[in-house]
Amino acid sequence: MKLWSLRFKIITGTLAVFCLLGGGIWAISEHNPLNVTTLAPEKAKSPITAGKGTPASPITPERTPAPAAKALSHRVVEYHMDVRFDPDTSTLQGSETVTWTHPGSKPVNDLYFHLYPNAFSSMDTSFMKESGGKLRGDSMPSNGFGSMTLTDLRTTEGVSLLQRIQYVQPDDGNVKDKTLVKVHLPQPVRGGENITLKLQFEVKMPKIFARMGTSGNFVMAGQWFPKLSVYEPADARGIKEEGWNLHQYHGSSEFFSDFGIYNVSISVPPNYTVAATGFPTKNPKVTEKYKTYQYYADDVHDFAWAASPDFVVAQQAFSSPEVPGVRIKLYLDPMHKDLQERYFQAAKAALTYFSKWYGPYPYSSLSIVVPPEQGNGAGGMEYPTLITAFGASSTSPDTSLERTVIHEIGHQYFYGMVANNEFEEAWLDESFTSYAEDKLMEQEYGIAANLPLQASLVEKPEPLNQETWRYDGTSAYTQNVYIRGKLVLKDMELRIGTKAMDAVLSTYAKKYRFSHPSTYDFQKTVEKVTGESWKNYFEQYIYSGGTPDFSLDDISVTRKEDPKKDGSILYENLVKIGNKGTFYPNVNVKFTFKDGHTMQRVWDGLGEEASFQLLYSAPILSAEVDPQHSILLENKHLNNFRMAELKQHTVSRWTLSVTKLIETVLGTLSW
């Protein structure tokens, strides 16, 4: 998913709280650890124009390229589909012929299909119960339900399998959830063999919510067809026994599927324009009632399309040393028709540098769809070779426009090609893409992310590699998968250096290109590149919700006579600090004295507490742990600072009051 403009509103809104605190803690210590000005500078640096392009022109179909000499992926599935959209009833009528090649060795007696539209069939589905009918700031529209019905299912020999289907709920046992269906086969499929099934289906499109549906005459068809689940061979992602990876559609989950081939015919009213995964193989065929588009894509693991009669269409050809040639296509809401160059610049920068950092973009097309404002439930999402920007709500948007485009193109790499299991390890796409997004936004637009502030938004750290619906609510999912995971990557960069971190991510992205890696695969890559064990680090911060929690526990001052100088006075300043959380080494501690003098010491982090005895000619005024807020994994900063003359009961009462204030403000904002 994916980049949400809403999360930047949250961060901006939260700034008010920290500005309020500025006169308390941080103004006293005479620095601004949050570096607020870097979050949204008044004027962003103009981006460079990456690569080369041609003037915008109407879309024309590309010629079908010659087949690749070698497939880029294990093409486990092959889909041939025909779909027709009826705007009067908001329905899709579809047919599907799917071939599955068994990637394992054990005989398989059942196939499993995801029927994602059934997540929106009632408020009783697992998706709706978990989400409460809300996602990314959008709510389920009134009477906006949708569903999918299998109307026919048979073998190539004509044997009907409709009576052999069974809805299954492996995650929560909710019998009213029909997003996953089992099909019992007439005979088993053995390792290396393939089977072909023919399906007929109907989709009642919901009103746009959670990535798909209709809004007015805009259509977003994401997760719109019966999609095979993934059968994992032994040792895939570290599993011990081969078998199906089966999950329902959850309120916080996204998707996982195999690479393959898609050949899709899409029929819409004659005045509609279609944007889709892959590339058109022929000119649209127009009849009295329909215009039919033919699209093809290979080495992808999903297929999505959008349609509208209102699209303003533009295109540019683009190439760079790492991008042999790609046609960038814009399908704009009319409100953004004059912003074409901003979309093109952001797309070119993303393709140029992500290809340089993480491996070449291998496809011949990239489509960017800008939904209308009322269709923003479909905005900010990624599909292979097709992304959606946020809905057009202003004729002069801020750099959230570029940020969204860059984030979603980043997902062409982390999720698109490095295809992790988003059900179980969503951080491998969201955190990695957010990390890359921040890096490029600072490089091209001069906008640096305020990481200490973002760290403070992580209210409840949880393991990064857990199933998405196991997080303690959608806020916890967002805070961990988008923010904390990115901060873990930044912390790793601080430990090993930017050059080494670049090597880690480049090695990982290129090694697991067109495969399904796990968190452990990433750990092995880090260890190989750095030449050292990262077991403890991953155990502390990734496989668990570890976080340091430094505190200034006590300050005492004793007045003494200087034994070396008659009549002179020294002060014995005793400062006690602690870490109530996870071990973290080499922590800076700053001491400020009443005469203005400051000094710093480094705590090795060993043990749960430490004491510093400072003999000086003036009494201590204050002390602070991690004064620059450079330890990005700490999310609680209020107890890092202490005034020497503030009594303990006052400190506790004031800290509690401020904590409650922040919790109240954060509680009024929705992720």
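All figures in this text were calculated on a predicted structure; none of them were measured in a lab.
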Side chain to side chain contact (heavy atoms under 4.5 Å, CB included) with Gln294: which of Ile266, Asn263, Val264? Asn263
Within the structure provided, determine whether Val504 and Ile496 are in side-chain contact (heavy-atom separation under 4.5 Å). yes
Pairwise side-chain contact, Trp224 with Val219, heavy-atom cut-off 4.5 Å (strictly under): no
For a 4.5 angstrom cut-off between non-hydrogen side-chain atoms, does Ile261 reach Tyr296? yes
Quick check: do Leu464 and Tyr541 have side-chain heavy atoms less than 4.5 Å from each other? no
List the residues meeting salt bridge (charged side-chain N to carboxylate O under 4.0 Å, His left out) with Lys510, not counting sequence neighbours, and say none if there are none. none
Less than 4.5 Å apart, side chain to side chain, heavy atoms only: is that true for Glu425 and Phe522? no
Using distance alone, with no hydrogens and no angle criterion, decide if Ser630 and Asp626 have a side-chain donor and acceptor under 3.5 Å apart. yes
Do Asp302 and Lys227 sit within salt-bridge range, that is, some charged N less than 4.0 Å from a carboxylate O? yes
Angle between ring planes, His411 versus His407, binned at 30° and 60°: parallel, tilted or perpendicular? perpendicular
Partners of Lys490 by salt bridge (charged side-chain N to carboxylate O under 4.0 Å, His left out), sequence neighbours excluded? Glu493
Note, Leu401 side chain near Tyr343 side chain (heavy atom, < 4.5 Å): yes
Could you list the residues that satisfy salt bridge (charged side-chain N to carboxylate O under 4.0 Å, His left out) with Glu402, not counting sequence neighbours? Arg342
Run the salt bridge (Lys or Arg N to Asp or Glu O under 4.0 Å) check on Glu437 and Lys486 step by step: do they pass? CA-CA 10 Å; Glu437 163 211 323; Lys486 176 184 70 174; over 6 Å; no
Go through the side-chain N and O atoms of Asn635 and Gln479 and say whether any donor and acceptor fall under 3.5 Å apart. no
State which residue, out of Phe432, Tyr413, Tyr508, fulfils the side chain to side chain contact (heavy atoms under 4.5 Å, CB included) condition with Val418. Tyr508
4.5 Å side-chain heavy-atom contact, Ser434 and Tyr482: yes
Under a 3.5 Å threshold, yes or no: a donor from one side chain and an acceptor from the other, between Glu424 and His247? yes
